[in-house]
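Report on one structure; see the data block that follows.
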Amino acid sequence: MSAESNKRLAKNTLFMYMRMLITMIVSLYTSRVVLNTLGADNFGIYNLVGGIVTFFASLNTAMTNATQRFLNYELGLGNTEQMKKTFSTSMTAHISLALLLLLLAESVGLWFVNTQLRIPADRIAAANWVYQFSILTFMVNIIRVPYNASIIAYERMSFYAYLSIVEVTLKLAAVYLLVISKWDKLIYYSALMFAVPLLCNIIYRGYCRRKFDTCVYTSCWDKKLYFRMIGFSGWSMVGGATTIGTQQGGNILINIFSGLTANAAFGISNQVSSAIYGFVSNFQLAFNPQIMKLYAQKATDTLNKLVLRTSLFSFYLLLIIAVPLILNMDTVLQLWLKNVPEYTAAFCTLMILFNLIDAIQAPLWIAIYATGNIKWHALGVGILTLLTLPIAWVLLKAGMSPTVFFVIRCAVNLIIAVFRTVYIKHAMGFPSGQYLREVVLRAGVVLCCAGGMAYLLKTYLPASLSSFLFETALSCALTILIIYAIGTSKADKRYLHEMIRSRFHPPRKTPDTP
């Protein structure tokens with residue numbers, strides 16, 4: 001990749017990490033305040049009922065992936081007129097999707113909330129308010145997708161980062177209003193969580209219309225493009241729906257067999273997972289447009305190298321914080337929440353392990369999406385993912401701990417990783433053997449070394465707050481050293497040095513010679 005591309009990637013990664021750091025701190029703080037303010041049962045209701053809408057949101061995720069894929073592809077070809085058509089067609093599709101999901105949510109979803117969930121009778125009315133505000137929030141987020149996808153396609157990560165910071169700041173203000181409110185706190189919190197994305201959506205729309213000529217919605221109708229996007233989204237929807245459906249299905253199973261306290265622990269584990277995986281997703285988000293554009297330009301060698309490096313570095317970025325967290329999960333939760341619901345530590349630990357498996361393979365599915373041929377990939381991943389629910393149901397019915405659901409998810413994710421590695425080799429000639437040698441094997445060696453060193457530190461240091469802080473800092477530093485020493489090749493080291501140098505020491509412009 002060129003020095004200019006490396007500079008842009010380094011700059012975008014920096015912006016995304018600034019966004020991640022601030023949003024993670026605010027999110028973790030607000031989670032603690034919301035849990036303590038609402039109480040475990042109300043917090044469980046919010047995560048359970050709001051999660052029903054999250055199931056429908058899997059369809060929205062599918063459309064997001066489709067929009068980004070088509071916009072990035074056309075931008076890679078430099079086709080501005082086609083990008084305009086793609087944006088308008090995407091907006092039409094999202095409006096249609098919003099109306100369809102409104103119908104589903106107000107029929108099937110509403111019936112399920114009121115008849116199938118274990119919610120105390122005196123909180124059914126509040127649960128219905130939560131559900132309605134969640135639907136409105138979801139619809140607002142649907143309309144935002146084409147604007148969000150355009151910002152990522154044009155790699156305007158600075159604005160994306162700044163607005164994300166504004167959004168979490170507004171959520172922080174909402175939590176303050178929740179604490180001082182005298183109304184029903186569960187209903188009030190749901191209303192505030194609707195108001196924040198509504199305001200941000202208005203800002204997104206204004207920025208995109210002002211900055212990008214391609215983001216002006218027109219009534220043009222491209223039937224072929226519309227059905228291409230719908231077809232791509234349909235198969236993406238299979239993968240997205242099964243993933244979110246399995247997660248929410250597990251939440252429902254845990255509610256049926258273990259009650260609302262376990263749902264509160266489930267919600268906290270999702271908060272931790274989102275915050276921790278933000279380290280990786282922000283890194284990948286800076287690279288995803290490049291993967292799409294390189295595929296459109298048929299730069300196969302450069303594309304493969306980028307996917308290999310992104311896979312390896314994604315795993316390392318998560319590993320740096322995963323090792324001390326897993327070894328000290330009880331201490332971290334106690335410092336963070338004070339009142340920790342039962343099962344929370346086990347749920348969080350297993351979710352981090354799940355994310356480690358996800359991190360090393362995420363760039364693979366981005367490359368698969370770039371091809372536009374995702375039918376068999378979506379079917380394979382969807383079928384494997386759904387296996388989690390019947391296995392979990394049988395084991396929970398047999399009286400096992402709700403932790404078993406997360407164990408099964410990790411095991412299934414390992415199987416999916418194997419399937420994806422084989423699939424991408426046949427789909428686009430990706431060097432899967434090189435991926436196993438240079439990414440998976442190397443990552444495994446680093447994991448064993450870093451985990452072993454951190455375990456020794458925890459074993460020999462006394463149990464105290466100062467020891468915990470020292471151990472965490474030292475284990476992070478040692479993990480970074482191990483990654484640099486044995487976890488990266490000479491080419492990877494040169495690549496990192498070039499990215500850093502291009503960010504902090506940009507090449508000087510020379511005047512044109514007459």
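For reference, positions follow the sequence shown, starting with 1. What you are looking at is a predicted structure, and each value in this text was computed from that prediction instead of being measured.
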**Prompt:** Which heavy-atom pair separates Val412 from Leu384 by the least distance, and what is that distance?
**Reply:** CG1-O, 3.2 Å

**Item:** Pairing residues for Lys458 by the side chain to side chain donor-acceptor pair (under 3.5 Å) criterion, not counting sequence neighbours
**Value:** Asn328

**Message:** Check the orientation of Tyr369 and Trp365. Use parallel for under 30°, tilted for 30 to 60°, and perpendicular for over 60°.
**Reply:** perpendicular

**Message:** Check whether Ser90 reaches the backbone of Thr86 with its side chain - one donor and one acceptor, N or O, closer than 3.5 Å.
**Reply:** no

**Complete:** Between Pro363 and the options Leu312, Thr310, Ile368, Leu308, the side-chain contact (heavy atoms from CB on, under 4.5 Å) test singles out Thr310

**Test item: Val145 and Met91 side chains (from C-beta on) under 4.5 Å apart, heavy atoms** = no

**Fill in**
Contacts of Ala299 meeting side-chain contact (heavy atoms from CB on, under 4.5 Å) (sequence neighbours excluded), chain-then-number -> Leu294, Thr302

**Asked** Got a second to check how far Leu350's CG is from Met329's CE, nearest 0.5 Å?
**Response** 9.5 Å

**Prompt:** Would you find a donor on one side and an acceptor on the other, under 3.5 Å apart, between the side chain of Tyr316 and the backbone of Thr488?
**Reply:** no

**Request:** Return the set of residues passing ring pair (Phe, Tyr, Trp, His ring centres under 6.0 Å) with Tyr147 (not counting sequence neighbours), or none when no residue passes.
**Result:** Phe87

**Message:** Would the distance check show the side chain of Asn413 and the main-chain N or O of Ile357 forming a donor-acceptor pair, the cut-off being under 3.5 Å?
**Reply:** no

**Item:** Qualifying side-chain hydrogen bond (donor to acceptor under 3.5 Å, both in side chains) pairs with a residue from residues 473-487, counting only residues at least two apart or across chains
**Value:** Tyr484-His497

**Item:** Under the side chain to side chain donor-acceptor pair (under 3.5 Å) test, residues paired with Ser489 that sit two or more places apart
**Value:** Asp492

**Asked** If we only count heavy atoms from C-beta on, is the Leu353 to Ile326 side-chain gap below 4.5 Å?
**Response** yes

**Message:** Angle between ring planes, Tyr207 versus Phe212, binned at 30° and 60°: parallel, tilted or perpendicular?
**Reply:** perpendicular

**Item:** Closest non-hydrogen atom pair, Tyr217 against Ser88
**Value:** CE1-O, 3.2 Å

**Message:** Can you confirm whether Cys208 sits close enough to Ile151 that some side-chain heavy atom of one is under 4.5 Å from a side-chain heavy atom of the other?
**Reply:** yes

**Message:** With heavy-atom distances below 4.5 Å as the criterion, would you say the side chains of Val307 and Tyr435 are in contact?
**Reply:** no

**Rounded distance [0.5 Å steps], CG in Leu163 versus SG in Cys200** = 5.0 Å

**Request:** Would you mind reporting whether Val323 and Leu478 have side-chain heavy atoms less than 4.5 Å apart?
**Result:** no

**Thr92 vs Thr89, side-chain contact (heavy atoms from CB on, under 4.5 Å): CA-CA, chis, key distance, verdict** = CA-CA 5 Å; Thr92 300; Thr89 303; 5.6 Å; no

**Message:** Tell me every residue that passes ring pair (Phe, Tyr, Trp, His ring centres under 6.0 Å) with Phe430, counting only those two or more places apart in sequence or in another chain.
**Reply:** none

**Asked** Within the distance-only criterion (no hydrogens, no angle test), does the side chain of Thr371 pair as donor or acceptor with the backbone N or O of Ala367 below 3.5 angstrom?
**Response** no

**Prompt:** side-chain contact (heavy atoms from CB on, under 4.5 Å) between Val196 and Thr137: does it pass, once the steps are laid out?
**Reply:** CA-CA 9 Å; Val196 171; Thr137 302; over 6 Å; no

**Request:** List the steps and the verdict of side-chain contact (heavy atoms from CB on, under 4.5 Å) for Val272 and Met351.
**Result:** CA-CA 8 Å; Val272 171; Met351 280 302 294; over 6 Å; no

**Asked** For Pro431, what residues pass the side-chain contact (heavy atoms from CB on, under 4.5 Å) criterion, not counting sequence neighbours?
**Response** Asn304, Gln434

Report, one line per pair, each donor and acceptor closer than 3.5 Å where one atom sits in a side chain of residues 439-457; sequence neighbours left out.
from	atom 1	to	atom 2	distance (Å)
Arg442	NH1	Glu438	O	3.4

In a table with atom names and distances, give each donor-acceptor pair under 3.5 Å that connects a side chain of residues 400-410 to protein atoms at least two apart or in another chain.
from	atom 1	to	atom 2	distance (Å)
Ser401	OG	Thr403	N	3.2
Ser401	OG	Thr403	OG1	3.1

**Distance in Å, Thr344 OG1 paired with Asp330 CG, rounded so as to fall on 0.5 Å steps** = 10.0 Å

**Spacing of CG belonging to Leu319 relative to CZ belonging to Phe313, to within rounding of 0.5 Å** = 13.5 Å

**Asked** How about Asn251 and Asn255: do any of their side-chain heavy atoms sit closer than 4.5 Å?
**Response** no

**Message:** Donor-acceptor pair, distance only, cut-off 3.5 Å: does the side chain of Ser273 make one with the backbone of Ser269?
**Reply:** no

**Distance in Å, Asn201 CG paired with Ile142 CD1, rounded so as to fall on 0.5 Å steps** = 11.0 Å

**Prompt:** Who are the side chain to side chain donor-acceptor pair (under 3.5 Å) partners of Thr349, not counting sequence neighbours?
**Reply:** none

**Item:** Contact summary for Ala370 and Ile291, nearest pair of heavy atoms
**Value:** CB-O, 4.5 Å

**Message:** Nearest 0.5 Å, please: how far is CG in Leu318 from CD1 in Ile352?
**Reply:** 7.5 Å

**Message:** Can you list everything that forms a salt bridge (charged side-chain N to carboxylate O under 4.0 Å, His left out) with Arg144? Sequence neighbours excluded, please.
**Reply:** Glu167

**Ile415 side chain near Val418 side chain, heavy-atom distance below 4.5 Å** = no

**Asked** Is there a donor-acceptor pair under 3.5 Å between the side chain of Ser311 and the backbone N or O of Gln361?
**Response** no

**Close side-chain approach of Ile254 and Phe347, heavy atoms under 4.5 Å** = yes

**Any residue meeting side chain to side chain donor-acceptor pair (under 3.5 Å) with Thr300, in chain and number order, not counting sequence neighbours** = none

**Request:** Apply the test side-chain contact (heavy atoms from CB on, under 4.5 Å) to residues Met428 and Leu303: give CA-CA distance (whole Å), side-chain angles for both, the deciding distance (0.1 Å), then the verdict.
**Result:** CA-CA 11 Å; Met428 55 182 292; Leu303 170 64; 3.6 Å; yes

